[in-house]
Q: 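Next up is a structure, given as structure tokens.
All values derive from a computational prediction rather than experimental measurement. Residue numbers begin at 1 in each chain, while the letters A, B, ... track the order of the sequences. Both backbone and side-chain heavy atoms feed into the values below; hydrogens, waters and symmetry mates do not.
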There are 2 protein chains.
Amino acid sequence: MVRDSIRILQAQGHKATRPRKLVLEVLGEIENPLSPYDIQGILHTRGKYLNHVTIYRILDLLCSLNLAHKMLSSGGFVKCSLDATEGCHRFMVCQHCGAIREFADKELCQEENDFAQNFGFHTEHHLSEFSGLCSRCYKK
Amino acid sequence: MVRDSIRILQAQGHKATRPRKLVLEVLGEIENPLSPYDIQGILHTRGKYLNHVTIYRILDLLCSLNLAHKMLSSGGFVKCSLDATEGCHRFMVCQHCGAIREFADKELCQEENDFAQNFGFHTEHHLSEFSGLCSRCYKK
DNA sequence: GGCTAAATGCAACATTATTACAATTAGCTC
DNA sequence: GAGCTAATTGTAATAATGTTGCATTTAGCC
Ligand SMILES: [Mn+2]
Ligand SMILES: [Mn+2]
Ligand SMILES: [Zn+2]
Ligand SMILES: [Zn+2]
């Protein structure tokens with residue numbers, strides 16, 4: 001996964017730098033979306049330092065290459081996660097316990113593509129967030 | 001629309017204050033999502049002043065009552081718009097010209113509800129953002 | 001190992017968001 | 001309509017997030 005991203009990076013003429021590897025490493029292993037400062041914090045606990053400006057720039061690059069994606073998080077912050085699902089990022093956010101679950105579904109994408117087509121809109125990326133109650137919290 | 005919101009506000013024991021009326025007024029007439037500072041700016045051009053803290057608090061309240069909603073904007077900021085569509089907020093954002101078009105679709109909601117149900121998730125709000133090319137930019 | 005464009009770090013700044021507390025006001029009672 | 005009071009707003013201070021310009025470093029190349 002991270003290796004793939006680095007290959008794509010290089011194939012597009014970008015360097016495989018230490019900061020880029022570190023950011024990809026974190027994104028690759030943490031399931032939840034992460035803000036730039038989240039990433040900085042995680043790396044900090046591992047004794048690695050990256051300037052926040054650098055992290056912003058790396059995330060911008062990854063997004064522009066579709067290797068990562070910005071999304072709406074429960075708190076409203078910009079987050080990024082590795083783009084394992086080619087333009088489809090969906091999240092279920094529990095309003096009660098805050099749990100976030102990411103998933104992808106190509107059928108929904110198709111429906112959305114068709115729908116947008118009616119407006120002459122050509123869709124490339126699908127982001128969505130369902131808020132409600134997770135199975136645990138719903139039972140209560 | 002705004003009148004309705006005020007009624008709901010009062011029914012829940014909240015006061016119909018001048019700042020709340022002003023924020024609702026703006027949200028009700030501007031079609032695009034607005035950030036707290038957007039709202040402050042619009043009011044400013046009309047000779048009305050509201051402190052940004054007040055606006056944040058009002059938007060929080062409106063969201064908690066489902067009278068408004070936070071969303072991902074093209075720039076990644078938190079925006080709010082009046083909730084005319086009961087838990088369904090969908091946006092098409094053109095990656096080229098930045099145009100934002102809001103819409104709602106109950107069929108998509110149904111599909112999403114069903115999908116989430118498979119995970120035991122009970123969906124209450126649907127947010128989605130399609131990014132791609134609007135009809136104009138796609139032609140070029 | 002040196003060269004050079006690309007990338008990072010740093011500093012300064014801009015914007016957005018939150019907190020604590022004092023001042024004001026909407027809605028109620030009389 | 002005047003007075004009362006809890007709710008709301010404004011103010012000030014601060015925190016968190018995001019951007020820009022420029023000096024320094026480094027990856028990829030010869
Ligand atoms: Mn993507
Ligand atoms: Mn809503
Ligand atoms: Zn839950
Ligand atoms: Zn366009």
Q: Return yes when atom NZ of B/K48 has more than 12 non-hydrogen atoms of other residues, nucleotides or ligands closer than 6.0 Å, and no otherwise.
A: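 No, the 6.0 Å shell around NZ holds no more than 12 heavy atoms from other groups.
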
Q: Does a side-chain N or O of B/R20 approach OP1 or OP2 of C/dA26 to a distance below 4.0 Å, or not?
A: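 No, no such contact exists.
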
Q: Regarding A/D114 and A/Q110, do their side chains bring together a donor and an acceptor under 3.5 Å, going by distance alone?
A: yes

Q: CG of A/L59 versus P of C/dT8: gap in Å, rounded?
A: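 Nearest whole value for this atom pair: 11 Å.
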
Q: Write down the distance between CG (A/N51) and C1' (D/dT20), rounded to a whole number of angstrom.
A: 13 Å

Q: Send over the distance from B/L34 CG to C/dT16 P, rounded to a whole Å.
A: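 Distance, rounded to whole Å: 13 Å.
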
Q: Among B/H126, B/E102, B/E129, which residue meets the side chain to side chain contact (heavy atoms under 4.5 Å, CB included) test with B/H89?
A: B/E102

Q: Could you state the atom-to-atom distance from CZ of B/R7 to P of C/dG27 in whole Å?
A: 14 Å

Q: In whole Å, I'd like the distance from the CD1 atom of B/I55 to the C1' atom of D/dT8.
A: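 These atoms are roughly 14 Å apart.
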
Q: Can you confirm whether more than 12 heavy atoms, excluding those of A/R3, are under 6.0 Å from its CZ atom?
A: no

Q: Before we go on, tell me: are the rings of A/H44 and A/Y49 under 6.0 Å apart, centre to centre?
A: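 No.
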
Q: For the ring pair B/F130 and B/F103, is the centre-to-centre distance below 6.0 Å?
A: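 Yes, the ring of B/F130 comes within the 6.0 Å limit of the ring of B/F103, centre to centre.
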
Q: Could you check how far OH of B/Y56 sits from C1' of D/dG10, rounded to whole Å?
A: 16 Å

Q: What I want to check is whether the side chains of B/H122 and B/N113 have a donor and an acceptor closer together than 3.5 Å.
A: no

Q: What is the per-nucleotide protein-contact pattern of nucleotides 24-30 of chain D, from the 5' end, where B denotes a base atom under 4.0 Å from a protein heavy atom, S denotes such proximity for sugar-phosphate atoms only, and - denotes neither?
A: --BBS--

Q: In this structure, how many angstroms lie between the P atom of C/dT16 and the CD1 atom of B/I39, rounded?
A: 13 Å

Q: Can you name the atoms? Protein N/O to nucleotides 19-23 of chain C N/O, anything below 3.5 Å, with the distance.
A:
none

Q: What is the distance, rounded to the nearest whole Å, between atom CG of A/L50 and atom C1' of C/dC10?
A: 14 Å

Q: Start at the 5' end of DNA chain C and walk down; is the nucleotide closest to B/P19 or to B/Y37 reached first?
A: B/Y37

Q: Between A/Q40 and A/L50 (side chain of the first, backbone of the second, donor and acceptor by atom type, cut-off under 3.5 Å), is there such a pair?
A: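 Yes.
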
Q: Say whether, by atom type as modelled, one donor and one acceptor occur between the side chain of B/D60 and the main chain of B/R57 under 3.5 angstrom.
A: no

